[in-house]
Amino acid sequence: MEDRYPHREIEKKWQEFWQKSKLMKMAPSSAKPKFYCLMMFPYPSASLHVGHGRNYIIGDAVARFMKMRGYNVLAPMGWDAFGLPAENAAIKNNVHPKDSTANNIKKMKSQLYEWGVLYDWGREISSSNPDYYKWTQWLFLKLYHKGLTYKKEASVNWCPGCRTVLANEQVINGACERCASQVKQKKLKQWFFKITDYAQRLLDDLELLKEWPERVKIMQRNWIGRSEGSFIDFKVEGMNKTLSCFTTRPDTIFGATYMVLAPEHPFVGEIIKGSPEKVRINDFLEKIKGQSSFDRQFGQVEKEGIFSGRYVINPVNNEKIPLWIANYVLFEYGTGAVMAVPAHDQRDFEFGNKYNLSLQVVIDDPGCDLEASSMSCAFEGEGELVNSARFNGTGSKEAKEEIALWMQKNNMGKKTINYKLRDWLISRQRYWGAPIPIVYCDKCGIVPVKEENLPVELPHSIEFRPSGVSPLQDNKDFINTACPACGGPARREVDTMDTFVDSSWYYLRFLSPDNAEKAFDVEMVNKWLPVDQYIGGVEHAILHLLYSRFITKVFCDMGFVGFKEPFERLFTQGMIIKDGAKMSKSKGNVVSPDKLIADYGADTVRVYTLFIGPPEKDAEWNDRAVEGAWRFLNKVWKTAGSLLKSAAPEIRDEKLIKRLKKKSNEVIKKVTLDMEGSFHFNTAISSIMELVNEIKSVMDKQAKIDIESGYSNEGKKDYKNLKAAVESTVILLSPFAPHITEELWQALGNKASIFEKKWPEYDELILKEGFIPVIIQINGKLRSKIELARGSDEASLKTAALNDEKIKSYLKGKEIKKIIVIPDKLVNIVLV
RNA sequence: GGGCGAGUGGUGGAAUGGCAGACACGUGGGACUUAAAAUCCCAUGGCUGAAUAAGCCGUGUGGGUUCGACUCCCACCUCGCCCACCA
């Protein structure tokens, strides 16, 4: 019992020390190279579980490691403090979001403190603080004046039960997450950021992000969704009107046998006017409106449509084709109108089949003869064009280009590029967010608030009961204001900004968190950014990272920052799973760190969390396995303790000295490479475990030798060999288990913090010393092993292998075909 | 439907063309103890075998490349994640 390490005392002692000495404080005037290590700032929810901990522990280990590698490290932390949960809690528990947020921040900070996770707390920011959101509003105005902000009518998720607007994440399988009512679409006038202007650059510059995980880049690429194609114009018969559609398959234009409009298409209104089909069409439109956007989007709804009563003219052959309206066409993508080619598009095929629309084969399937009457599905592959006038016989691949150019020349259409990326809807009909700094004046219209009048402060006193409009609407003191242009009476915008706006620029604010004059200090930002290492969950792979990249590019264009991309290197850690599901409060499978830290200490929790598996992958939490980390730390404690108490043997045996030196060097190399590469904490820790096992084994062997030889040297022991190995262990372990290693480091006679110590170098010469094992295979199967000096030549390897007793017995009476020799590694004897 | 990732002992995982199962967890046995816990030591992929002799099998399935494949290529199966009627 006496030997078990007193984690409570030690951890308290060093946490206080680090806080007092401000260990992780960035030194602005340091000559060391900079390293900006950033963890995605969290939303302050009630309390952290061990799953959250993974993110902070990884970041802390990296920050401490880089500090020891000689970098001037910047590791700031802040709070993404606006958002829905606080507002929902306000509705439910009648606590003001400001108070609940403050309480949560307090609790989380104390948890981070107890984990031994260090930040430069002097740079703490909170996005719900007026000092911060003033600049979020400033960002809005900058985009507004640059023409990157506009207002238009758009659909929002509307819960009829709660009478409120929902964020996409709150819509679960088409229903409200709180009351389970079917979510409807409702039209509201909303503010947008024109991120689509940057679509191509956001796509192209992914190439610059060499140190981002490939999968994140692929997700962004898919999200931006660039596709090349053409706009093709169809004249409406009997009307002075042209409908344009977008297609990526101009090669199939001769097979277009009908055209389809999205129900939301503005032309639908014109058709209805004066149409004999008016009632039927209206009924249909009503029905489609009743279908939730979720179902429509996710293809849960059968394709359904109605003939408009109108015809359009296919420009390439002047054929008259019917114009339909159908639920399977998306209004938001392309032009909201598509040319239907049932022979070569599965969706059009299904729809055409249902409504008996005609079908024309225009691409020949090289595999079989396509017969319009007998096709059971569309042929979407490549082949030669048929029934396509002058383009017959052309390959479909070439025809795509040729027909597109030919139509462009003849004013039938235009080559174009389309993106799936939509503009960023930033309006939220919510209270707990940054107010949009816009004023509506009867005389002047939409007027932006003047920069010098920022921030537009959120009023504190508010009625939270959801009523379907922003809660700010009811606050007369807030909405009534003077027009910034004419000074007359005007009303404020009552919507607040999406919290993704807050988090799209926070990494800039950390460089000058208290600056009252500017959003950020340009000189500091240009010195410290891009962020060297960004760490966070893969769930932010698309939105947050895309928005941050967008805002950085906008600021770059305005000359506010001198870089195109905000995050140089990105690491996305996996989730912690418990009982088969992501650890979360709602699933009831959270493991609280508080009790684990009380029982085993923060170092144990940290080591286990990092040891659990590759950090980029999901991992199953196992409470019992935590004990393994605890046992390991105790083993380190005891091993170092026996040295400190002069109870360990003096390592004198030459062979044992060599073994210790070699293993220490191997492990220094392994841990260093694991940390420098892609954060293989699990194998780094396992190799430190091996080093500790080796030290113990060497100690046991030496003790045995001492007993056998009757050696005794009480009192005056020379521990330089053992001490070197123990010191290596302690240093290598320190980024992962900082408290116990600080304690041991001090006990070993060092004055300064272990984190002021330089990370050890390894000696390649020692690694290359001595004999190495060489494998001998016969026909690729391991048959024997020999030890040879490193660098032995091929001939001696061959001879040694052939003279091996075991191998000899295998070779008796067999004929050797050839021998493969890989120096320092293996000999493979291939038999006939 | 598309994209990405994964599949290795009882479990988490290691090995990225060259000794499969490092390091741990668990389990079994032993030591210590009046006893238990803790700790320490030994064993631990499967099969044949008295064996700590020897051998065979073995990284989701089937094929291929190679002197040699968990690793590379092709096809398939299963699971997970992201996107999804994007014309």
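Throughout, protein chains are lettered first and strands after them, A, B, ... in sequence-line order, and every chain is numbered starting at 1.
- For the pair A/Arg215 and B/C83, the criterion of a side-chain N or O lying under 4.0 Å from OP1 or OP2 is not met.
- B/U65 makes up no base pair with any nucleotide shown, lacking Watson-Crick or G-U wobble contacts both under 3.5 Å.
- Nucleotide B/U78 forms a pair with B/A6, judged by Watson-Crick or G-U wobble geometry with both contacts under 3.5 Å.
- The glycosidic torsion of B/G9 lies within 90° of 0, which places this base in the syn conformation.
- To the nearest whole angstrom, the two P atoms, one in B/G46 and one in B/C41, are 23 Å apart.
- Within the 3.5 Å criterion, the main-chain N or O of A/Glu616 finds no donor-acceptor partner in the side chain of A/Gln573.
- Of the side-chain N and O atoms in A/Lys818, one or more sit less than 4.0 angstrom from OP1 or OP2 of B/C67.
- Rounded to an integer number of Å, the gap from A/Leu733 CG to B/C23 C1' is 14 Å.
- A/Ile822 comes within 4.0 angstrom of a base, heavy atoms only.
- Across every strand in view, B/A14 sits unpaired, with no contact that passes the Watson-Crick or G-U test at under 3.5 angstrom.
- Atom pair A/Trp223:CH2 and B/G3:P shows a separation of 18 Å (rounding to whole Å applied).
- A sub-4.0 Å separation between OP1 or OP2 of B/G26 and a side-chain N or O of A/Arg631 is present.
- Judged by distance alone, with hydrogens and angles left aside, the side-chain atoms of A/Arg54 form a donor-acceptor pair with the main-chain N or O of A/Gly574 at under 3.5 Å.
- Using a distance-only test at 3.5 Å, with no hydrogens or angles considered, a donor-acceptor pair links the side chain of A/Thr335 to the main chain of A/Ser244.
- Pairing for B/A38 is absent, judged as Watson-Crick or G-U wobble with the two contacts each under 3.5 Å.
- If you take NZ of A/Lys670 and P of B/A15, they are 6 Å apart, rounded to a whole angstrom.
- Comparing the C1' positions of B/G12 and B/G3 gives a spacing of 29 Å, expressed to the nearest Å.
- Using a cutoff of 4.0 Å between basic side-chain nitrogens and carboxylate oxygens, A/Lys217 and A/Glu214 are scored as salt-bridged.
- The partner of B/U48, taking Watson-Crick or G-U wobble pairs whose two distances both stay under 3.5 Å, is B/A54.
- In this structure, B/A43 and B/U27 make a Watson-Crick or G-U wobble pair, each of the two defining distances being under 3.5 angstrom.
- With distances taken from any side-chain atom of A/Ala625 to the nucleotides B/G18, B/C25, B/C67, the minimum falls on B/C25.
- You'll find a donor-acceptor pair under 3.5 Å spanning the side chain of A/Gln777 and the base of B/G18, going by distance alone.
- We find that A/Asp700 and A/Lys696 are not joined by a salt bridge, their nearest charged nitrogen and carboxylate oxygen being 4.0 Å or further apart.
- A 3.5 Å limit on both hydrogen-bonding distances identifies no Watson-Crick or G-U partner for B/U59.
- Judged by Watson-Crick or G-U wobble contacts below 3.5 Å, the nucleotide B/G1 has B/C83 as its partner.
- Phosphate contact (OP1/OP2 of B/C4, side-chain N/O of A/Asn222, threshold under 4.0 Å): absent.
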